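Working notes, beginning with the structure itself.
Any value given below was found using the heavy atoms of this structure, including those in side chains, with hydrogens, waters and symmetry copies removed. Because the structure is a prediction, the values reported are computed rather than measured. Below, chain A is the first sequence line, B the second, and so on; all start at residue 1.
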2 protein chains.
Amino acid sequence: MSSDLIDTPTKILQATLKLLEAPDAKLPTMSDIARATGISRQAVYLHFPSRTDLLVAATRYQDRLNDIDTGLAPSRGARSGAERLDAFVTAWGNYIPKIYGVARAIMAVTDTDSEAAAAWNTRMQDMREGCAAAIAALAEDGTLPPGTDMEQATDLLWTLLSVRNWENLTQTCGWSQDCYVGTIRGMAMATLARDLGALTDVLACTDPPA
Amino acid sequence: MSSDLIDTPTKILQATLKLLEAPDAKLPTMSDIARATGISRQAVYLHFPSRTDLLVAATRYQDRLNDIDTGLAPSRGARSGAERLDAFVTAWGNYIPKIYGVARAIMAVTDTDSEAAAAWNTRMQDMREGCAAAIAALAEDGTLPPGTDMEQATDLLWTLLSVRNWENLTQTCGWSQDCYVGTIRGMAMATLARDLGALTDVLACTDPPA
DNA sequence: GATGTCAATTTACACAGTGTCAAGCAATAA
DNA sequence: TTATTGCTTGACACTGTGTAAATTGACATC
């Protein structure tokens with residue numbers, strides 16, 4: 001078995017991801033994770049001091065697996081600001097479903113555990129840098145609405161691209177992933193890049209809402 | 001003391017609201033609530049079968065206190081669709097801070113308690129009806145972007161106005177309430193009512209972001 | 001081969017929080 | 001007086017997190 005070659009912490013992380021990414025997964029307990037890993041619950045604590053630490057480690061592990069940076073390459077290579085914004089929104093919007101399982105678990109503990117909140121904020125701060133870069137590119141092109149404060153524009157884009165909004169539209173409202181990306185792209189382009197044509201047909205996805 | 005005239009369930013609800021609305025409040029336990037009410041923990045269970053039920057009851061009680069319908073009156077009285085959208089966004093946006101404490105508590109248990117999730121969804125469904133009405137008024141005026149699906153437009157407005165977005169912008173990003181309302185209004189008007197002038201100066205609030 | 005060491009693991013326990021149950025007590029109504 | 005209502009006290013079951021002590025097993029050293 002190849003699993004003998006993998007060290008225990010990695011096995012735990014893999015099992016955790018598997019549980020979190022299962023469709024309509026309940027939030028797993030330490031017992032669930034231990035069982036899925038094939039070890040005792042207490043052995044998990046040997047490698048991860050708390051549930052929060054484990055969840056945070058799982059997000060980092062997942063990032064390594066997914067290699068988010070390659071997805072963002074087209075954004076960094078964009079020529080115009082609008083192009084960059086468009087590429088960034090698309091890349092991030094399509095990345096969210098990959099991390100949603102883990103994100104959901106972390107966001108759930110965020111309400112009670114301030115350490116988890118800090119960890120999640122840090123993680124979202126990375127994404128925010130991408131937002132800031134896109135806004136900066138727009139500012140250079142002069143396509144931002146007049147009088148726009150760049151910090152606030154970044155806040156707005158960051159909020160628009162939040163996992164919660166993705167969750168609301170795709171999970172609660174039943175939108176398809178394509179519909180989500182198209183709509184958010186349109187809103188971002190219209191609001192921040194003054195690309196008013198982006199509004200046309202934004203809300204006319206072909207897929208039937210659930 | 002006037003408190004002797006108030007029945008116990010109401011006293012519990014009042015104490016619960018007070019705890020939930022305290023600045024940077026931790027999520028109160030049943031013991032906390034009982035202590036704040038001045039009764040035993042078990043007595044709370046005599047009136048509310050579970051913590052979730054109590055939280056849900058607290059939202060309803062709060063709605064009664066705040067009388068949300070009067071705030072929405074200008075929206076219903078609006079002549080044009082755009083006017084209606086504008087009034088609705090403003091009214092709801094200014095209502096959120098009043099319910100945020102309770103909303104936060106409910107949203108926190110939503111991740112683990114499906115009954116709480118259902119209750120909160122029901123509550124948000126009421127707000128969604130306001131969104132749907134505004135979208136319908138826009139459709140009647142013909143101001144919606146061409147080809148727009150009304151259901152999806154409602155989803156989008158509903159998402160834009162989510163408590164999570166309010167939380168993100170005002171609590172995490174440190175925006176003032178006025179800045180929040182102004183920006184969201186601008187986005188809604190631009191995206192859904194094709195009022196492109198609404199984009200100008202949307203992101204140029206005078207207050208310094210934290 | 002016996003022994004020491006160290007990491008991984010397991011059994012057992014402490015604690016917080018929710019929810020249930022039973023017995024008792026005080027005030028009030030019949 | 002008796003019955004009822006509303007609350008209290010105290011105990012307990014259950015779930016989940018996290019800690020501590022004892023145990024195993026591999027591996028090196030003498």
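- As rounded to whole Å, 16 Å separates atom C1' of D/dT8 from atom OH of B/Y45.
- Atom-to-atom, CD1 of A/I39 to C1' of D/dG25 comes out at 17 Å; the value is rounded to the nearest Å.
- In this entry the distance linking CD of A/Q42 with P of D/dA20 reads 13 Å, nearest Å.
- Between B/N168 and A/T159, the side chains place a donor N or O and an acceptor N or O closer than 3.5 Å (distance only, hydrogens not considered).
- Separating the CG atom of A/L27 from the C1' atom of D/dT15 is a distance of 15 Å, rounded to the nearest angstrom.
- Aromatic ring orientation, A/Y100 versus A/W166: tilted (interplanar angle from 30° to 60°).
- OP1 or OP2 of D/dC7 lies within a sub-4.0 Å distance of a side-chain N or O belonging to B/H47.
- Separating the CG atom of B/D32 from the C1' atom of C/dT18 is a distance of 13 Å, rounded to the nearest angstrom.
- The side chain of B/M30 lies closest to C/dT18, out of C/dT18, D/dC7, C/dA8.
- Among the heavy atoms of the strands lying under 4.0 Å from A/T29 are primed sugar atoms or P, OP1, OP2 only; no base atom is included.
- For D/dT9, the OP1/OP2 oxygens have no side-chain nitrogen or oxygen of B/S40 closer than 4.0 Å.
- Here the P atom of nucleotide C/dA16 and the NZ atom of B/K26 are 18 Å apart, to the nearest Å.
- Whole-Å rounding puts the A/L55 CG to D/dT17 C1' distance at 13 Å.
- Between B/D63 and B/R60, none of the side-chain N atoms (NZ, or NE/NH1/NH2) sits under 4.0 Å from a carboxylate O, so this pair counts as no salt bridge.
- Residue side chain B/R41 does not reach the base of C/dG17 through any donor-acceptor N/O pair under 3.5 Å, judged by distance alone.
- The CZ-P distance, from B/F48 to C/dT20, rounds to 15 Å in whole Å.
- A salt bridge between B/R76 and B/E83 is absent, with no side-chain N of the basic residue lying under 4.0 Å from a carboxylate O of the acidic one.
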